[in-house]
There are 2 protein chains.
Amino acid sequence: MLSKKTQYAFHALIHLAENADKGPILISEIAQEKSISIKFLENILLELKNAGILGSKKGKGGGYYLLKTPKEIPLAKIIRLLDGAIALLPCVSLNYYERCENCRDEAVCGLNDVMSKVRDATLKILENKTLKDILTRNVSIL
Amino acid sequence: MLSKKTQYAFHALIHLAENADKGPILISEIAQEKSISIKFLENILLELKNAGILGSKKGKGGGYYLLKTPKEIPLAKIIRLLDGAIALLPCVSLNYYERCENCRDEAVCGLNDVMSKVRDATLKILENKTLKDILTRNVSIL
DNA sequence: ATAAACTCTATAAAAAGGATAGACTTTTTT
DNA sequence: AAAAAAGTCTATCCTTTTTATAGAGTTTAT
């Protein structure tokens, strides 16, 4: 299950993308629109900024805005940034790998094998679907 | 990421399956073999017993044993039992569904759509692979 | 009767998740 | 230059979940 942090990040990014034409967006606007604690959202947007996904402008008329087009932001990237590993086990994680104690040889571990398949199937979707893909259907009904 | 509980459950079940011919297996044996705290493992085995996956025998000569053949135990069942939902979002979970606030209509939510696809891809593997499948490769090298 | 072994309830320590406060910095406007 | 608006950043706190432990109770074989 994705953490609240990641879920909130998705909602915030969707709002930013759908209002990209309006210049910098206030944290408070996103917080209100999506029912997220404003201070908690601050932390999340800051992480997204430090990762180079968002930019911010201080002072009056400031706020947050996307630094990339929605199409350039894969969902997997957001999840990894805020939640860490996408894989179900540390020993099959590509980005947060940890060796498995009690496992003589991961190459012949059946659990490792199955979980690698799950990881591949998941990543095939999450690395190819982008912020743009989770906007499409929303936008079409507006 | 799967919890330690689920990870330990897999290891314990593997041990039980690979030693099924030896009658009831002691908790302490599994704990030692797999480097798991004996008391923590107790809880896990009890949950598996209450779910009808394991049986136990008290008293001298007692221990735990599988009530089903490894082939009859899908990995998804173990995960759901100890970890809960397999899906990444509550609003796409089949067994632990929760409605999404802030979502006017889940049927047209792009996030819901993508996460449903991830769930389907994951379940396709985890509901068809069983305890037997994570033994195969282990056993073949013994 | 006794020792071996699982059962069960309670509790506690540690980690993660979620939320808040407040001082600080930057920018715009006047 | 000063004031106000707005975001930045660090520290702290509370709650929940996860992980782990303790110990008394019950069952069974011998």
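A note on names: the letters A, B, ... follow the listed sequences, proteins ahead of strands, and every chain is numbered from 1.
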[X] [atom1] - [N] [atom2] separation (whole Å):
{"X": "Lys39(B)", "N": "dG23(D)", "atom1": "NZ", "atom2": "C1'", "value": "7 Å"}
{"X": "Asn43(B)", "N": "dG23(D)", "atom1": "CG", "atom2": "C1'", "value": "13 Å"}
{"X": "Ile44(A)", "N": "dC9(D)", "atom1": "CD1", "atom2": "C1'", "value": "16 Å"}
{"X": "Glu47(A)", "N": "dT10(D)", "atom1": "CD", "atom2": "P", "value": "13 Å"}
{"X": "Leu54(A)", "N": "dG7(D)", "atom1": "CG", "atom2": "P", "value": "13 Å"}
{"X": "Ile27(A)", "N": "dC9(D)", "atom1": "CD1", "atom2": "P", "value": "11 Å"}
{"X": "Leu48(B)", "N": "dC6(C)", "atom1": "CG", "atom2": "P", "value": "14 Å"}
{"X": "Met1(B)", "N": "dG17(C)", "atom1": "CE", "atom2": "C1'", "value": "16 Å"}

Quiz item: Of all the nucleotides listed (dA19(C), dT8(D), dT21(D)), which has the minimum atom distance to the side chain of Phe40(B)?
Solution: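 The closest nucleotide is dT21(D).
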Practice problem: Looking only at side-chain atoms of Leu46(A), point me to the closest of dA19(C), dC8(C), dC9(D). | Solution: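 From the listed options, dC9(D) comes nearest.
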Examine [N]: is either OP1 or OP2 under 4.0 Å from a nitrogen or oxygen in the side chain of [X]? Give yes or no.
{"X": "Lys5(A)", "N": "dA16(C)", "answer": "no"}
{"X": "Ser28(A)", "N": "dA6(D)", "answer": "no"}
{"X": "Lys58(B)", "N": "dG25(D)", "answer": "no"}
{"X": "Ser37(B)", "N": "dT21(D)", "answer": "yes"}
{"X": "Tyr8(B)", "N": "dA20(D)", "answer": "yes"}
{"X": "Lys49(B)", "N": "dT7(C)", "answer": "yes"}

What distance do [X] atom [atom1] and [Y] atom [atom2] have between them, rounded to the nearest 0.5 Å?
{"X": "Lys68(B)", "Y": "Ile53(B)", "atom1": "NZ", "atom2": "CD1", "value": "6.5 Å"}
{"X": "Leu16(B)", "Y": "Leu135(B)", "atom1": "CG", "atom2": "CG", "value": "10.5 Å"}
{"X": "Glu33(B)", "Y": "Leu26(B)", "atom1": "CD", "atom2": "CG", "value": "12.5 Å"}
{"X": "Asn50(A)", "Y": "Glu47(A)", "atom1": "CG", "atom2": "CD", "value": "8.0 Å"}

Quiz item: Can you check whether Thr69(A)'s main-chain N or O pairs, donor with acceptor, with Glu72(A)'s side chain at less than 3.5 Å?
Solution: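 Yes; at least one donor-acceptor contact below 3.5 Å.
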Quiz item: Just by modelled atom types, is the Leu2(A) backbone N or O under 3.5 Å from a matching donor or acceptor in the Asp83(A) side chain?
Solution: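 Absent.
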Practice problem: Using the closest heavy atom to pick a nucleotide of DNA chain C for each, name whichever of Gly61(A) or Leu41(A) lands nearer the 5' end. | Solution: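 The answer here is Leu41(A).
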Self-check item: 5′-ward residue of the pair Asn50(B)/Lys4(A) relative to DNA chain C
Solution: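 Between the two, 5'-proximity favours Asn50(B).
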Quiz item: Is Glu42(A) side chain donor-acceptor paired with the dC9(D) base, going by distance under 3.5 Å alone?
Solution: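 When only heavy-atom distances are counted, Glu42(A) does reach the base of dC9(D) through a donor-acceptor pair under 3.5 Å.
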Quiz item: Contact class for Ile25(B) (heavy atom, under 4.0 Å): base, sugar-phosphate, or nothing?
Solution: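 Counting heavy atoms under 4.0 Å across all strands, the contact made by Ile25(B) is with sugar-phosphate only.
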Practice problem: Classify the nucleic acid contact of Leu26(A) as base, sugar-phosphate or nothing, counting any heavy atom under 4.0 Å across all strands shown. | Solution: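 Result for Leu26(A) = sugar-phosphate.
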